[in-house]
Structures are given as C-alpha cells and as structure tokens.
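Here is the structure we will look at, set down as structure tokens.
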Amino acid sequence: MTLFMPDTLHLGLDHFDVQIRSALAQALGLEKDSLKLERPRDEKMGEFAFPCFRFAKEKKTNPAELAKKLAGELSVEFVAPSAAGPFLNFRVEPAALAKRVASDVSKPNYGCGNLEGKVVVEYSSPNIAKPMHVGHLRTTVIGAALSRLANRAGHEVVRINHLGDWGSQFGKLVAAWNRWGSEEKLSVEPIDHLLELYVRYHKEEENDESLPAAAKVAFQELESGENNKTRVIWKRFTEYSLREFNHIFDRLGSTFDFVRGESWYEDQLDPLIDWLESTGVLEESDGATIVDLKDHGIKTPCLVKTAHGTTLYATRDLAAAKSRWEEFQFERALYVVGAEQNLHFQQFTTVLKKAGCEWASRIEHISFGLIRLQEGKLSTREGRILSLTEVLDRAVELAAEIIEEKNPELDHKEAVSEQVGVGAIIFHDLKHQRNKDVVFNWGEVLSFEGDTGPYLQYSHARCCAILRKADRPAPSIDSIDLGLLSDSPELFVALGRYPQALREAWEKREPMILAQHLLKIASAGNAFYHEKRVLGESEELESARLCAIDLLRKTLGDGLGILGVPTPEEM
RNA sequence: GCGCCUGUGGCUCAACUGGAUAGAGCAUCUGACUACGGAUCAGAAGGUUGGGGGUUCGAAUCCUCCCAGGCGCACCA
C-alpha cells in the first residue's frame with residue numbers, strides 16, 4: 001500500500017491534513033502516517049472526514065461515541081471538528097483557508113514534489129510508412145502528460161519515441177514498392193502512397209505466393225546490415241514519415257529526448273541473443289528460438305528468433321530495455337502502449353526476470369483501452385483508418401466557426417482556433433480512465449461545452465480578461481487583506497487540493513485525476529467571478545479578488561500545461 | 001476453449017481503492033441584473049450500480065457463479 005504522505009509537499013490543503021492527522025494520532029496513540037483522511041460525502045460538512053469504525057473497534061467503544069469524544073478533545077489551529085454519527089468531520093475556518101492556500105499557490109514550487117531518480121517514458125511510437133491515426137493519439141497524449149507529471153513530482157524524465165521502423169512489415173512494403181511503386185506519387189503524397197502499397201500487398205498476398213517470399217527476402221536483406229538497395233529505400237520511407245510525424249507532434253506539443261526507432265537497437269540484437277543464451281533461458285522449438293515461460297504461469301512462449309533467422313518485436317524490445325537500463329539506470333521505465341499488448345509485456349518482462357535482471361520489476365506497462373470505430377476495430381491493412389490529422393483539422397475548423405459566431409473581433413483567430421480545437425481533442429482523451437475502450441464519436445469529440453477542454457480554456461481566458469481590464473498588475477498576496485476572501489471557501493478548497501491531484505495522478509499513472517480536478521477548479525472559478533464582482537469594488541476588495549483571479553488563472557494554466565492543453569488568453 | 005479488461009440515470013463518464021443520502025457533463029425542462037466575455041451561472045427531473053449468491057458494522061468497489069461486450073492466445077507489431 002502506498003502511504004499517503006502529504007508531508008512531502010505540505011502545501012495547500014495538505015497543510016491542514018497534516019495538522020489534523022497529527023492531532024488524531026496523538027489522541028489515538030497511533031502513527032500519523034498510518035492515518036488517512038477522507039472527504040465528507042457532502043462538501044458542506046467540511047473539508048476532511050475521519051471514519052471512526054476501525055478505531056472504535058480497537059478501543060472497544062462504538063464509532064459514534066468515539067467520534068463525539070474526539071470532537072470534544074481535539075484541538076487543531078483554525079480547524080473545527082464535529083461528530084456526525086460515526087464520522088468525525090473537520091471544517092477549516094474560511095479566513096485561514098484562504099490565507100494558507102493563497103500564500104501557497106503563489107509560491108513558485110506549488111505542487112512540486114521531491115522524488116528522485118530517472119523515469120524513462122516510452123510513448124507515441126508510431127509506425128513508419130503509415131499515417132498516424134486516432135489510436136496514436138492516446139499514447140502520445142497520455143505519455144506526454146505522464147512525463148510532465150513525473151517531472152513535477154521531482155523525477156528526471158527521459159522521453160523516448162520508439163518508432164516502429166523495423167520488422168518484417170518493411171520487407172512487405174519493400175516488396176510492394178518493387179512491384180508497384182511510383183516515384184512520382186512518392187514525392188507528392190509519400191504516406192498516402194506507402195499506405196496504398198501496404199494495403200495492396202495484403203490484398204494480393206492471398207493469391208500470389210511469390211509476394212510473401214519476396215517480402216521475406218527483403219526483410220532478410222534489411223537485417224543483413226549491408227547498405228543495399230532495400231536499406232536505401234527503407235531509409236527514404238523513414239525520412240518521409242518522420243517529416244509528417246513531426247508536424248503532428250508540433251501540433252500536439254509533444255517533445256522527445258530521443259527519437260529512437262527499433263532499428264536503433266539493430267546491432268544489439270546479436271549480443272542480446274548471446275547474452276540470453278549465456279543465462280540459459282533459450283530453447284529451440286520448431287526451428288525457432290524461444291524462452292519458455294510456463295514455469296511463470298504464461299502459456300505462450302516468447303519468441304526471440306524465427307525459424308528463418310530474423311528477429312521479432314520481442315527481441316527488439318528486450319534489447320531496448322537492456323540498453324536503456326545500462327544507459328539510464330532508471331528508477332522506473334514506463335511503456336505507454338495499448339492494452340492489446342498485455343501479453344507481450346508480460347512475456348518480455350518475465351524473460352528479463354528469468355534471465356536474472358532484478359531491474360525488470362521497474363518496468364511498467366501503462367496500458368490503455370482501444371479506440372474503435374462504430375464499424376469495428378481500426379485496421380490499417382483493411383483501410384479502416386481515421387487519420388489523426390483529419391480529427392485535429394475538423395476540431396480546429398469547428399473552433400473557427402464558433403469563434404466567428406461568438407467573438408468575430410478576436411485577433412489571431414487562426415492561431416486560437418488551432419489551440420482550442422487541438423485542446424478539445426487532447427482534453428477529451430485525458431479526462432477518461434486510460435484503460436477503458438473508447439468508441440470514437442464525432443459528436444462527443446467535437447463538443448466544446450460542459451466538461452471539455454474549451455470550458456477550461458474559457459475559464460482561463462476569462463481570468464485573463466479581468467486581469468487585462470484591471471489595467472494594473474495583479475496585486476501580490478502580501479499587499480492585500482486575505483480576510484476579504486473568506487467568502488469563497490469553495491474556490492480555495494479547489495485550488496488547495498491541486499497538489500493532491502498532481503500527486504495522485506502521478507502515483508496512479510492516471511492523468512484523468514488531474515483533468516477531473518481542473519474541471520472542479522474551473523467550476524468553482526466560474527461560480528466565483530459570476531457571483532462576485534471584481535472590478536469597480538472598493539479598492540481593497542478589488543485587490544483581494546483580483547489576486548484570487550490571478551491565482552485561479554495561474555493554477556488553471558499550470559494544470560492545462562501539464563496535460564498539454566494550450567491556454568490562449570482570449571478566445 | 002484459456003487468459004486479461006470492461007459493464008453505473010436516455011448518452012458519455014466520476015465516486016478519494018471497503019465508508020455517510022452513488023456525483024458531474026451532454027440531451028430534456030425552469031430561471032439569470034441589456035453581461036468585469038452567456039464556450040457561463042443557478043435550479044428541476046432522471047438510479048434496485050448487468051444478474052444471482054456470499055464475506056461484515058457497511059459493497060458500485062472484495063470472493064464466487066452466470067450474462068453481455070472488447071482484446072489477446074509462437075515465427076505480425
């Protein structure tokens with residue numbers, strides 16, 4: 001069990017959490033870190049809750065009695081305990097709440113953790129010669145968000161884009177190119193042409209036995225290490241693809257420390273096999289080289305070499321993992337890869353364990369659910385694809401229409417449409433638990449109202465607008481009367497729980513937790529500036545509220561930045 | 001057939017990993033000072049948490065058996 005340790009951040013609401021737990025620990029004669037506070041079902045009952053059942057049993061009284069007794073005894077500065085049946089609730093005094101949270105939020109290290117060590121994150125990893133489709137959106141966006149969360153938690157992060165640029169599929173592609181390739185088409189629309197070749201290959205393969213044979217030869221040529229014709233054309237395909245991918249990465253705001261395709265590990269494959277051999281895990285079966293995993297509860301063996309001597313996906317993943325361990329000595333290595341590869345990950349990590357690598361336990365498969373179309377699973381081979389570019393373009397187009405309707409005077413309309421459209425797509429993906437399957441639905445993806453990215457962007461832009469119209473710099477928190485903000489506890493509770501959201505999102509590798517919390521913050525923020533006038537109030541009140549708006553703006557901007565959602569100042 | 005994942009209002013999702021009266025958003029219905037930007041806010045209605053059984057003070061959450069859907073199951077990645 002991961003212990004709940006806000007002490008490491010001691011900011012925002014966590015400050016009170018620690019105080020309350022200390023007092024409880026003392027009263028109950030227990031360790032502070034063994035206690036965990038919950039949230040009351042109804043926010044009106046307070047900010048923290050402590051169910052007494054378990055402890056009452058130990059003390060041989062009944063829970064309601066214990067809650068009542070503790071409510072009478074406990075003394076925590078600025079916090080009022082109250083018993084509600086078997087629950088002990090705690091309400092923070094609004095003035096102290098506003099004061100504490102405002103002062104913490106304004107610090108530059110708000111929500112920053114102190115964890116150490118390197119975290120390697122492999123994500124995106126599209127396949128060369130194929131267009132990026134909506135399936136790649138998830139890994140790209142989840143991986144980027146987790147990288148930023150890890151970084152915020154204190155880790156040093158190494159982002160790797162493990163391009164699918166190797167394997168027998170390229171033998172197939174080269175074989176298809178040799179038969180039907182057109183230089184002209186390749187120079188105009190390279191990816192479309194390559195896709196066309198790939199699809200045609202799979203169509204004609206069924207009736208033409210010479211085709212798979214040619215493909216096999218081509219891949220063997222590719223793996224030979226020689227700089228032959230096959231390799232030259234493969235290199236060209238790679239370059240064309242990268243050009244297109246980079247354009248999408250720019251739009252999504254994804255960056256990588258290393259773009260290393262599977263081919264990067266090419267010269268480590270033979271040493272890997274030798275090493276596996278030396279650990280005694282290899283066996284031969286039907287001409288192929290395998291690692292049997294039955295003794296670890298996995299029925300299907302892991303293949304590391306085919307009967308005709310070529311390597312496989314698993315071989316390259318094993319080599320990559322070993323290489324990364326030697327290069328980075330990572331604390332954790334995350335692989336943001338779809339759930340359909342669960343078995344593969346079990347196999348390849350188990351092979352490492354079997355071969356004696358104790359660090360294999362640091363590898364985590366961050367799996368996520370499949371995106372399907374109404375018609376069924378996406379399939380490049382069968383031409384059932386939905387290109388990521390098309391999805392982004394349509395969102396941007398719609399954003400442009402809405403801007404034209406709502407804010408025709410806006411400057412930089414095109415740039416803002418791009419930010420809003422792309423933001424909507426990214427946020428939509430990140431607001432759900434990652435392991436659930438998704439049936440792609442245009443209506444839902446292109447929604448800009450309610451719990452959406454544009455709603456958050458709008459809230460942020462509203463704050464910017466108020467600050468702009470104030471026509472003076474946002475007051476610092478030392479210059480205002482924080483007591484004037486005690487009428488808005490909901491806002492400060494939401495802002496004050498931001499560090500907790502960041503921490504949980506990272507601990508659970510679940511960006512959704514941050515996404516959901518940002519919605520809460522925005523909702524509290526919208527209610528705040530809707531019911532409370534900022535500009536034109538008395539000088540003191542205006543300053544205080546302006547300051548609150550600035551903190552709201554700052555937190556929303558920070559959170560959206562971590563998720564990778566752009567934050568226009570006007571929209 | 002075996003393994004893994006999923007099932008919560010009409011739709012899309014939450015529920016702090018066993019806690020209080022299961023919460024949001026869409027859609028539906030009411031309302032909001034000629035608006036510090038209405039991509040908003042306030043409210044109403046909508047639920048036997050796929051079904052049965054079990055574990056205990058307490059279950060959407062854990063165990064078990066069904067049902068439905070998805071994914072995977074050696075020379076693809």
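Protein chains get the first letters and strands the later ones, always in sequence-line order, with residue 1 at the start of each. Small disclaimer: the values here were computed from a predicted structure and weren't measured.
- If you check every strand for non-hydrogen atoms under 4.0 Å, Glu262(A) touches sugar and phosphate atoms only.
- Comment: Arg472(A) engages Glu542(A) in a salt bridge, judged by a side-chain N to carboxylate O separation of less than 4.0 angstrom.
- A side-chain donor from one of Asn526(A) and Tyr455(A) sits under 3.5 Å from a side-chain acceptor of the other.
- Distance check on atom P: C62(B) versus U8(B) gives 15 Å, rounded to whole Å.
- Remark: Arg497(A) does not engage Asp14(A) in a salt bridge, criterion side-chain N to carboxylate O under 4.0 Å.
- In this model, the phosphate group of G38(B) is approached by a side-chain N or O of Tyr458(A) to a distance below 4.0 Å at OP1 or OP2.
- Remark: Lys436(A) is not in phosphate contact with C13(B), judged by side-chain N or O atoms under 4.0 Å from OP1 or OP2.
- In this structure, a donor-acceptor pair under 3.5 Å is absent between the side chains of Asp165(A) and Thr238(A).
- Looking at heavy-atom distances under 4.0 Å, Ile290(A) makes contact with a base.
- Comparing C41(B), A77(B), A74(B) by their closest approach to the side chain of Asn127(A) singles out A77(B).
- The residue Ala49(A) sits close to a base: some heavy atom pair falls under 4.0 Å.
- The nucleotide A59(B) finds no pairing partner, because no Watson-Crick or G-U wobble arrangement with both distances shorter than 3.5 Å includes it.
- Side-chain atoms of Gln341(A) lie closest to A77(B) of the nucleotides C13(B), G19(B), A77(B).
- Nucleic acid contact class of Ile403(A) (heavy atoms, under 4.0 Å, all strands): base.
- Across all strands shown, nothing is found opposite U8(B) as a Watson-Crick or G-U wobble partner with both distances under 3.5 Å.
- Counting non-hydrogen atoms under 4.0 angstrom, Asp286(A) reaches a base of the nucleic acid.
- Heavy atoms of Ala470(A) sit nowhere under 4.0 angstrom from any nucleic acid atom.
- For the pair His530(A) NE2 and C36(B) P, the computed distance is 9 Å after rounding to whole Å.
- The side chain of Val420(A) has A39(B) as its nearest neighbour among A39(B), A15(B), C13(B).
- No engagement by Pro86(A) is indicated, since no non-hydrogen atom pair under 4.0 Å with the nucleic acid exists.
- Look at C2(B): its Watson-Crick or wobble partner, with both distances under 3.5 angstrom, is G72(B).
- For the OP1/OP2 pair of C76(B) and a distance below 4.0 Å, the side-chain nitrogens and oxygens of Ser168(A) include at least one atom meeting the criterion.
- Nucleotides G47(B) and A22(B), compared at atom C1', are 8 Å apart to the nearest Å.
- Between A15(B), C71(B), A39(B), one nucleotide has an atom nearer to the side chain of Glu340(A) than all others, and that is C71(B).
- To the nearest whole angstrom, the two C1' atoms, one in G25(B) and one in A42(B), are 16 Å apart.
- For the OP1/OP2 pair of C2(B) and a distance below 4.0 Å, the side-chain nitrogens and oxygens of Lys299(A) include no atom meeting the criterion.
- Here Gly85(A) lies out of heavy-atom contact (under 4.0 Å) with every strand.
- As rounded to the nearest Å, U61(B) and G18(B) have P atoms that lie 11 Å from one another.
- Between Glu58(A) and Arg54(A) there is no salt bridge, since no side-chain nitrogen of the basic residue lies less than 4.0 Å from a carboxylate oxygen of the acidic one.
- The aromatic rings of His344(A) and Phe348(A) lie parallel to each other, their planes meeting at an angle below 30°, with 60° marking the opposite boundary.
- A salt bridge links Glu504(A) with Lys508(A): the distance from a Lys NZ or Arg NE/NH1/NH2 to an Asp or Glu carboxylate oxygen falls below 4.0 Å.
- For U6(B), the OP1/OP2 oxygens have a side-chain nitrogen or oxygen of Asn435(A) closer than 4.0 Å.
- Across all strands shown, A39(B) has no partner, as no Watson-Crick or G-U wobble contact with both distances under 3.5 Å is found.
- Counting non-hydrogen atoms under 4.0 angstrom, Leu312(A) reaches the backbone sugars and phosphates but no base.
- For the pair Arg462(A) and G38(B), the criterion of a side-chain N or O lying under 4.0 Å from OP1 or OP2 is met.
- Look at the P atom in both C63(B) and U55(B): the space between them is 15 Å, to the nearest Å.
- In a base pair of the Watson-Crick type (N1 to N3 plus N6-O4 or O6-N4) or a G-U wobble (N1-O2 and O6-N3), with each distance short of 3.5 Å, G18(B) is matched with no nucleotide.
- Side-chain N/O atoms of Tyr455(A) include one lying less than 4.0 angstrom from OP1 or OP2 on C41(B).
- OP1 or OP2 of A14(B) has at least one side-chain nitrogen or oxygen of Gln433(A) nearer than 4.0 Å.
- Taking 3.5 Å as the limit, the base of A74(B) and the side chain of Ser285(A) contain a donor-acceptor pair of atoms between them.
- Here the side chain of Leu303(A) is nearest to one of A77(B), C4(B), C75(B), namely C75(B).
- Rounded to whole Å, atom P of A42(B) lies 11 Å from atom NZ of Lys532(A).
- Across all strands, Ser447(A) comes closer than 4.0 Å to no nucleic acid atom at all (heavy-atom distances).
- Between Trp234(A) and Trp166(A), the distance from one ring center to the other falls under 6.0 angstrom.
- Side-chain polar atoms of Gln341(A) and Ser367(A) form no donor-acceptor pair below 3.5 angstrom.
- Of the candidate nucleotides A24(B), A77(B), A15(B), A24(B) has the atom nearest to the side chain of Asp451(A).
- Residues Tyr529(A) and Leu370(A) both approach RNA chain B. Their nearest nucleotides, taken by heavy-atom distance, put Tyr529(A) toward the 5′ side.
- In this entry the distance linking CZ of Phe50(A) with P of G18(B) reads 17 Å, nearest Å.
- Look at the P atom in both C16(B) and A60(B): the space between them is 12 Å, to the nearest Å.
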Q.
Please encode protein proximity along nucleotides 59-64 of chain B as a string of B, S and -, counting only heavy-atom distances under 4.0 Å.
A. ------

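- Ionic pairing of Lys354(A) and Asp295(A) is present here: one or more N-O contacts between side-chain nitrogen and carboxylate oxygen are shorter than 4.0 angstrom.
- Distance noted for atom C1' between U6(B) and U49(B): 14 Å (whole Å).
- Residues passing the side chain to side chain contact (heavy atoms under 4.5 Å, CB included) test with Asn89(A) are Pro40(A), Met45(A), Ala49(A), Ser82(A), Ala84(A), Phe87(A), sequence neighbours excluded.
- Remark: Glu47(A) does not engage Arg39(A) in a salt bridge, criterion side-chain N to carboxylate O under 4.0 Å.
- The side chain of Lys377(A) places an N or O atom within less than 4.0 Å of a non-bridging phosphate oxygen (OP1 or OP2) of G72(B).
- Remark on RNA chain B: of its neighbouring residues Tyr198(A) and Arg372(A), the 5'-side contact belongs to Arg372(A), judged by nearest-heavy-atom nucleotide.
- Checked by distance alone, Asn89(A) brings a side-chain donor or acceptor within 3.5 Å of a matching partner on the base of A20(B).
- Between Gln347(A) and C73(B) there is no side-chain polar atom (N or O) within less than 4.0 angstrom of OP1 or OP2.
- Within 4.0 Å (heavy atoms only), Lys216(A) reaches no atom of the nucleic acid at all.
- Between the C1' atoms of U48(B) and C73(B), the separation comes to 38 Å (whole Å).
- Base pairing of G47(B) is not made with any nucleotide, judged by Watson-Crick or G-U wobble geometry with both donor-acceptor distances under 3.5 Å.
- Remark: ring of Phe53(A) overlaps the six-membered base ring of G19(B) in a stacked fashion, centroids less than 5.5 Å apart, planes less than 30° apart.
- What separates CG of Asn526(A) from P of G25(B) is a distance of 12 Å, to the nearest Å.
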